[in-house]
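The structure under discussion appears below in the form of C-alpha cells.
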Amino acid sequence: MSTARSWESSTPLDTAMTAGSVLPRGFFDRSAEEVAPALLGRRFTRRTAEGEVTVRLTEVEAYAGPLDAASHAYRGPTARTEVMFGPPGHAYVYFTYGMHFCVNLVCREAGTASAVLLRAGEIVAGEELARSRRPRSSVRDLARGPARLCQALAIDRELNGADVCDPAGPLRIMAGDAVDLSLVRTGPRTGVNGAQDVPWRFWIDGEPSVSPYRPHVPRHRGRPTSDG
DNA sequence: ATCATGATGTTCT
DNA sequence: GAACATCATGATG
C-alpha cells in the first residue's frame, strides 16, 4: 500500500548522537506526520530559575499546513500562527479556551506551516517542581494532556518561538531515547473540528500518561435564560 | 469508569 | 458574536 503507515519508513537522524545532545534542526525539516512518531519516547526539558523539569513524550499529534483543515495555519499566516510559518525546530505556543496553553514543535522549511502538538508525557525529572505547579494532580496526570503538560513545564506565551534545538535554551528536545516504531499506535486526532479521520495522533502503546480519546463536541457558552 | 457543564480570553468572522 | 488542537469538578454507574 502506498498510504499505509508511510511514516514507518522514516529513518532516525540521531543514531550517532550522545544522550546529552539536542536533536539537530534537520530532524524537523520534514513533514509533521514523519516527525511526530519519531518524537515519541524522547526527553523534552524546560529550564527555569527554579530548576528543570523533563518529560518523556508519550503522545503527539501532527498538523500540516494549508491542506489540513484542522490546522491553525489552514487559512494562511496570521499574527498568531507566524511562528508556524517560520523555520523548523522552534516552539509554537498558543493560548486557548481562555486559560490554557499548548505547545507544538514546528516542522519543515520556513514558508511552509507544519507542526507537531505535544499532547502528553511522563515526568522523568523534576517531579517535585512539576507537582508544585499542579498541586492537585496525581503523578499520572501531571503532563497527561497538552495543557497539563504546559502547566507542569511552565510553558506560556513567552516561549512562543523558542528554539528547541538550542542546547543552552529554556526549552530543549533531546536526541536519543526514541521508542521502537513497533510500539507506536495511531488514531484520529482529539478535540479538532475538521479532518478528524486523519490518523495523525500517535502514542506509545500501553502508556498510562496517554490521554483518553474524546470526540470533539462543539459547545456554545451558557446563556442567561429569562425563566431562570 | 463515563457524562455534562462552567470557566475564561484571544482570534477570526 | 462564535469558536476554540482543554481541564476540573460533580453526578452517576
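Hydrogens, waters and symmetry mates are skipped; everything else that's a heavy atom, side chains included, is used.
- None of A:V35, A:N104, A:L57 except one satisfies the side chain to side chain contact (heavy atoms under 4.5 Å, CB included) rule with A:V116; the exception is A:V35.
- When the P atom of C:dC4 is taken as reference, atom NE2 of A:H100 falls 16 Å away, rounded to whole Å.
- Atom OH of A:Y94 is separated from atom C1' of B:dC12 by 16 Å (rounded to the nearest Å).
- If you check distances only, the side chain of A:Y97 never reaches the base of B:dA7 with a donor-acceptor pair under 3.5 Å.
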Derivation and outcome, side-chain contact (heavy atoms from CB on, under 4.5 Å), residues A:R46 and A:L149: CA-CA 11 Å; A:R46 163 67 162 138; A:L149 184 149; over 6 Å; no
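- No chain of hydrophobic side-chain contacts below 4.5 Å, direct or via other Ile, Leu, Val, Met, Phe, Trp or Tyr residues, connects A:V83 to A:Y74.
- Residue A:Y63 and nucleotide C:dA5 are classified as a stacked aromatic pair, their ring centres being separated by less than 5.5 Å at an interplanar angle below 30°.
- Residues from residues 152-161 of chain A placing a heavy atom under 4.0 Å of any atom in DNA chain C do not occur.
- Rounded to whole Å, the distance from CG on A:N104 to P on C:dT6 is 11 Å.
- Look at CG on A:L118: it is 15 Å from C1' on C:dT6, rounded to the nearest Å.
- In terms of heavy atoms, A:D156 sits closest to A:V93 at O-CG1, 3.6 Å.
- The nearest whole Å value for the distance from the CZ atom in A:R133 to the P atom in C:dC7 is 17 Å.
- A donor-acceptor pair under 3.5 Å links the side-chain atoms of A:R47 to the main chain of A:A168, judged by distance alone.
- For A:R119, a side-chain nitrogen or oxygen approaches OP1 or OP2 of C:dT6 to under 4.0 Å.
- Formation of a donor-acceptor pair under 3.5 Å by the A:R189 side chain with backbone atoms of A:A62 is found in this model.
- In the region residues 75-91 of chain A, proximity to DNA chain B at under 4.0 angstrom, judged on heavy atoms, holds for A:R75, A:T78, A:R80.
- Look at OH on A:Y74: it is 18 Å from C1' on B:dT11, rounded to the nearest Å.
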All N/O contacts under 3.5 Å from nucleotides 8-10 of chain C to the protein, with atom names and distances to one decimal?
{"unit_1": "C:dA8", "atom_1": "OP1", "unit_2": "A:R134", "atom_2": "NH1", "d": "2.8"}
{"unit_1": "C:dA8", "atom_1": "OP1", "unit_2": "A:R134", "atom_2": "NH2", "d": "2.9"}
{"unit_1": "C:dA8", "atom_1": "OP2", "unit_2": "A:R148", "atom_2": "NE", "d": "2.8"}
{"unit_1": "C:dA8", "atom_1": "OP2", "unit_2": "A:R148", "atom_2": "NH2", "d": "2.7"}
{"unit_1": "C:dT9", "atom_1": "OP1", "unit_2": "A:R136", "atom_2": "NE", "d": "3.4"}

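- The residues A:R172 and A:E52 are annotated as salt-bridged, a charged nitrogen and a carboxylate oxygen being separated by less than 4.0 angstrom.
- A tilted orientation is assigned to the rings of A:F95 and A:F101, their planes being inclined by 30° to 60°.
- Linking ILVMFWY side-chain heavy atoms closer than 4.5 Å, directly or via other members, places A:I155 and A:L129 in a single hydrophobic cluster.
- Every pair tested for salt bridge (charged side-chain N to carboxylate O under 4.0 Å, His left out) that includes a residue from residues 73-92 of chain A fails, sequence neighbours excluded, so the list is empty.
- Under the 4.5 Å side-chain heavy-atom criterion for Ile, Leu, Val, Met, Phe, Trp and Tyr, A:V210 and A:F202 are members of distinct hydrophobic clusters.
- Atom CZ in A:F95 sits roughly 19 Å away from atom P in C:dA3 (whole-Å rounding).
- Ionic pairing of A:R134 and A:D141 is not present here: no N-O contact between side-chain nitrogen and carboxylate oxygen is shorter than 4.0 angstrom.
- Clustering of Ile, Leu, Val, Met, Phe, Trp and Tyr by side-chain heavy atoms under 4.5 Å joins A:V124 with none of the others.
- In terms of hydrophobic clustering, with Ile, Leu, Val, Met, Phe, Trp and Tyr side chains grouped at heavy-atom distances under 4.5 Å, A:I123 and A:W203 are assigned to different clusters.
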Pairing string, 5' to 3', for DNA chain C - Watson-Crick or wobble contacts under 3.5 Å, brackets [ ] where pairs cross, | to another strand: ||||.|||||||.
